[in-house]
Amino acid sequence: MKKFTALAVAAALSMVGASAAQAQEYPFRDITNAVVWGAGGGTDTINRMVMAEMEKFLPVGISVINQTGGVAGSNGMIYVLNQPDDGYTLAGISESNVTAAVQGGWDKRMNVWFPFIVGGSPLMISVPAGSQYNSLEELVAAAKAAPETIPAAASGSGSIHHLNLLALENGTDAKFRFVPYQGSAPAMEAAVNGEVQLVIGSLAEQFPLIDGGKLKPLAMLSGQEASIGGKTIPDALSEFPSLKQYLPLSQSIGFAVANSASDDVKNVLSEAFTQAMASDTVSKWANDNHYVISGQMGDAASQTFAKLESVFAWTLWDLGAATVDPETLGIPKP
Amino acid sequence: MELIASQMTGFAYSLAQLIIDPITYLYLLPAVALGIIFGALPGLTATLAVTILTGFFGNKFPLEYSLIALIGAYVGAIYGGSYPSILVNIPGTAASAATAMDGYPLTKQGRGGEALGLTTTASFIGTLIGTFCLLVGVGLLLMISQSIASPEKALLALFGILVSGTLMSQDLVIKGWIAGLLGLGMAMVGLDPLLSEPRYTFGWAYLLSGFQVVPVLMGAFAIPQIISGLLEGTLISKVREIGRIIPNWRTIGQRMPTIARSGALGVGIGALPGVGEDVAGWVSYGIGKNLSKEKEKFGKGAIDGLLSSETANNAAIGGALIPLLVLGIPGSPPAAALLGALMINNVIPGPNIDPNLILHIVSILVMASATMFLMGLFTARAFIHVLKIPQSIFLPVVLALTTIGSFSVGGGINDLFLMVVVGIVSFALIEMKYPIAPLVIGVILGGLFDESFRRTLLISDGDLSGFFTRPAAAILLACNVLLILSQLPMVRQLFRRKIPVMAPGTGE
Amino acid sequence: MTDEKRSLRQKDFWAALALMAASAGLLFKTLEIPFFQARAAGIADGKWYNSAAIVPYMVFGLLFVLSVTLLVISIRGDGLPTRADLEKIAAQARAPLFQKFCIICLMLLAYIFGLVPRVDFTLATALVMMALTYGFYEGRMRPAILSLILVLLPSVYAMIVHFPSEQWAKPHDDDIVTLIGFVVLVGVALVEAIRTHGSLPGYLRYVPIISFFTPLLLVIAMAFGFHQNVPNRTGLLFSQIEYHYYVTLKPLLDGRKD
């Protein structure tokens, strides 16, 4: 027994010695991508898809895990930032993470990241299949006639869907009764069973229900028309030009590495990301799943996130839904 | 009838697929074996087996396969609990506590092998009864579940917590309710689901997302067992000679009425929210004793007693899955662990659940019970050796398993902090005879109650009438009120009647 | 009224007081959540009925009522502690069972809050598994106390030196302290057991091996078999295992494939 213990100690100590000789080119071991949102959601799905593609252009594998909890994914972001900034731990993030600071989840801004944006699914507004409203104009007119009575579903306060609803209200002077749900799936379920009269969500989320005839699409909020099954869904921004000063406000799903990582790491990842985004697999996936590809990275992506951060943070603060003043965090007004 | 026929064909197809896929066995055989070991080791429960496996599989494996492992372990553990009950008079899990009443006397008479053969067969038949009811019950419930909106959801959640609190109490009913309320209170922690208002986070940002199911389950079901097992010290069981393990088909044939009745009872009790295998075993045993012609034999090695509890606790598995799959309300603590696994894989059980998933689960149950049956008959001797491992050796191993399993499911290190605090509080509650299942059900359903209750008011402008003008809501409200009234002392005096006294479960 | 029942009612008495205090405290805490002027957060108007505080008021209010009821039940059931009972409680607090309970709790807390976040998983778990088995196998008090000391020393060291979460992944001095703690504990266990029993008890022959290899195998299976995240990837042992897995082992396996 004692012999064994001595052996184990010796083995352990020899390993300590070996750690000095660990200079290897990045990446020599598998990379871990910690998605800060739950499995099966948009951010998780996109990250799994893109990581599988990036693996083809890297000498190592990428393992995707989920690190959820906190507010706006703060638990996962803190976890990744606490890992060494050697590029072996990435964070799978989305536009919804930008509110983590004003909601009290952490005390950092999005500029701690070096982001890569894969894209997002265009947002839209739909009503139950049997609804009396057949166009956005009819709906807006009804809401103006009876302000704050038409229940409108969107996922939680401060989500991109909620902010789009607010933008719609601001741009059309209509007032709805916002009913928050925990995510898009229950929000759509509520629209289908008639608990609410309209729902804001992404094309990717709503497509199966529209295709199945359970929801009726009214308008796109992304600034571009779309077509489902040969039917064109009009663009809200051209119907109501006043919306243009608030919209589009679109999803930005992707991943990030700590900004303090070395240039070497950033270059390797950028290279693999660019190649992956140019691949047929990604464009086919985006097409099949109703996503629009962005491909922004580095400075350009940082600017996108900075803009989102300022819009989200200040909107939430003005609504009284934020706990930390964006001023104290140094977030500029939009 | 049409429903049954269509469910049956779908099920046959799904079962055939499962049988011809060789990978099935890769997951199924180790999982059932692990389940039986967990069941057989006193202190380790079915809930723990399913929760730990949830941590290991996470969402890294296709759900169709990880479900094979989880359900296999569930079935195995409920069955495995009968080994120490029969052989050494220590129930392996609370579900098998009633089995010891007649099983151990049989062992003392040198008929241990016969008893094991009978319980193995009874467990097998029980699981199949439960599975059949699951297949039919889910179909029926799905048809009416479309009318479930916010008011019904709120009332269902409340009913789940109340039923669990009422029936799981060993001591005073009020303790079950307190446990349920504590769970509800824990569910209030974090950002509220409607207004994103932070509640009771005490400055810990991780808590903004609230109490997660898996760390709470790990804490409530693993840590107290580790503490109390270590306090007891080393128990090494002496296993007697048992003779050959063979199913006595003639006896089984003669006792078919007992088996059918116990199976039906097990399904019914299993289907009640948060009331699972352990209560099913006791209640079925109590009723079996009351109805039996040979009452005096009970407690001295009555075959009927043995069959009553072992059929019912395995039948409860299928029952427990009915509300889980259709309403998202777990019917037993291990089903709560399954809910955690489904949620990690982004499958939200409810009216819109994929019907093929249900057929797949039914098929797994059939396969798992068959595997359990064969293992029970041919490899039981190997499992009996497990009983010789002292608990102060295997409990620290369980601590390591729990820690690493809990770490991987989502919240990382913060989940572990939560787990250990919940665990120590749960130990204190269990010591004072509070049932722990209602607390877990409260944590799971509390958020749903809060959210749907307030959403109902938000949509109706603060008008409470939504809770009694909708027919489904009115029925549920009546159930809730009746359940509370039935437990109030004044009402009980009005309806004072002789109610058969049954020993309740020990709150696994 | 049996003795067991009476002692249960006594426990209920104290539990009821604790629950009353807790629910009152939480009700007070609920005052912090806006009620009559609920923050709107984009919902048209913040009314009391959609306030985040309404259900908490219901829950904790009801909990308070139920704990008062429990108090009444316990007093009716003769649970009100007499002077003699108080002395009995004090005696129980000094009894070995309660002390052992405290020791287990302290070990668990030290393990989860001190070691697991900061120290290599294998080393931390080996130390605690060894401590729990050795400390409680025979049910004697001395092993339990020795084990507790040797678990607390490294955990307290790790907590003091690397408290903030930014430092969890960093240097390995606490890993080495834990390793020393494990080795010392094994040594102490062997010596103490031999001195007590005259010879080495059977279980101690294999417990150190189980304690070290269970977490080692678990962490390897979890990381490379199940592809899950594991605690402290930068830990003393795990970082080496990971390094050699990719740099030494993987090329060997891949080389065979080509």
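Convention: sequence-line order gives letters A, B, ...; per-chain numbering from 1. Any value given below was found using the heavy atoms of this structure, including those in side chains, with hydrogens, waters and symmetry copies removed.
In this structure, the separation between CG on Leu207(B) and CD on Gln212(B) is 10.0 Å, given to the nearest 0.5 Å.
Proximity to chain C (any heavy atom under 4.5 Å) is restricted, for Ile413(B), to the side chain, taken from C-beta onward. Proximity to chain B is limited to the side chain of Ile54(C), based on heavy atoms less than 4.5 angstrom apart. Residue Met222(C) touches chain B through its side chain alone, counting heavy-atom pairs closer than 4.5 Å. With a 4.5 Å cut-off on non-hydrogen atoms, Leu457(B) touches chain C through its backbone and its side chain both. Contacts between Phe407(B) and chain C at a heavy-atom distance below 4.5 Å involve the side chain alone, from C-beta outward. Val128(C) touches chain B through its side chain: at least one heavy atom from C-beta onward sits under 4.5 Å away, while N, CA, C and O do not. Interface remark: Val420(B) contributes side-chain atoms only to the contact with chain C (heavy atom separation under 4.5 Å). Using a 4.5 Å cut-off between heavy atoms, Leu62(C) contacts chain B through both its backbone and its side chain. At a 4.5 Å heavy-atom cutoff, the contact between Phe121(C) and chain B is made by side-chain atoms alone. For chain C, the nearby parts of Leu401(B) are the backbone and the side chain; heavy atoms of each come within less than 4.5 Å. Looking at Thr133(C), both its backbone and its side chain come within 4.5 Å of chain B, counting heavy atoms on both sides. When heavy atoms are compared at a cutoff of 4.5 Å, Trp168(C) approaches chain B solely by way of its side chain, counted from C-beta outward. For Met130(C), no part lies under 4.5 angstrom from a heavy atom of chain B. Contact annotation for Met432(B): both backbone and side-chain heavy atoms come within less than 4.5 Å of a heavy atom of chain C. For chain B, the nearby parts of Phe113(C) are the backbone and the side chain; heavy atoms of each come within less than 4.5 Å. Only the side chain of Tyr111(C) comes within contact range of chain B, judged by heavy atoms closer than 4.5 Å. If you measure heavy-atom distances from Ile223(B) to chain C, the contacts under 4.5 Å come from the side chain alone.
Leu395(B) places none of its side-chain heavy atoms less than 4.5 Å from the side chain of Leu132(C). Inter-residue side-chain proximity for Phe394(B) and Val386(B) is flagged as unmet; no heavy-atom pair is nearer than 4.5 Å. Counting only heavy atoms from C-beta outward, the side chains of Thr456(B) and Lys153(B) never approach each other to under 4.5 Å. Residues Leu63(C) and Leu26(C) are not in side-chain contact: their nearest non-hydrogen atoms beyond the backbone lie 4.5 Å or more apart. Side-chain contact between Tyr137(C) and Pro201(C): absent, with no pair of heavy atoms (C-beta onward) separated by less than 4.5 Å. Residues Ile161(B) and Ile441(B) meet the side-chain proximity criterion, which asks for heavy atoms closer than 4.5 Å. By the 4.5 Å heavy-atom criterion applied to side chains, Gln170(B) and Lys175(B) are not counted as neighbours.
Looking only at heavy-atom pairs under 4.5 Å with chain B, the residue among Ile210(C), Thr30(C), Leu66(C) that has the most is Leu66(C). Listed options Trp177(B), Phe453(B), Tyr200(B) were ranked by heavy-atom pairs under 4.5 angstrom with chain C; first place goes to Tyr200(B). Of all the listed residues (Gly462(B), Ala400(B), Gly58(B)), the one sharing the greatest number of non-hydrogen pairs under 4.5 Å with chain C is Gly462(B). The residue among Thr125(C), Leu70(C), Thr214(C) with the most heavy atom pairs within less than 4.5 Å of chain B is Leu70(C). In terms of heavy-atom pairs under 4.5 Å with chain C, the best-connected choice from Phe427(B), Phe57(B), Phe417(B) is Phe417(B). Counting heavy-atom pairs under 4.5 Å between each of Asn229(C), Leu19(C), Ile112(C) and chain B puts Ile112(C) at the top. Most heavy-atom pairs under 4.5 Å with chain B: of the set Pro56(C), Ala22(C), Gly139(C), Pro215(C), this distinction falls to Pro56(C).
With respect to the salt-bridge test (charged N to carboxylate O, under 4.0 angstrom), the residues Arg6(C) and Asp78(C) qualify. Classification of Lys5(C) and Asp171(B) as a salt-bridged pair fails, no side-chain N sitting under 4.0 Å from a carboxylate O.
Side-chain N or O atoms of Thr201(B) include none that pairs as donor or acceptor with a backbone N or O of Leu208(B) at under 3.5 Å.
Partner Phe238(C) forms a side chain to side chain contact (heavy atoms under 4.5 Å, CB included) with one of Ile220(C), Val230(C), Leu123(C), Asn232(C) and no other, that one being Val230(C). With Asp192(B) as the fixed residue, the salt bridge (charged side-chain N to carboxylate O under 4.0 Å, His left out) test singles out one of Arg455(B), Arg199(B), Arg454(B): Arg454(B).
Of all heavy-atom pairs spanning Ala193(C) and Leu204(C), the tightest one is CB-CD1, 3.4 Å.
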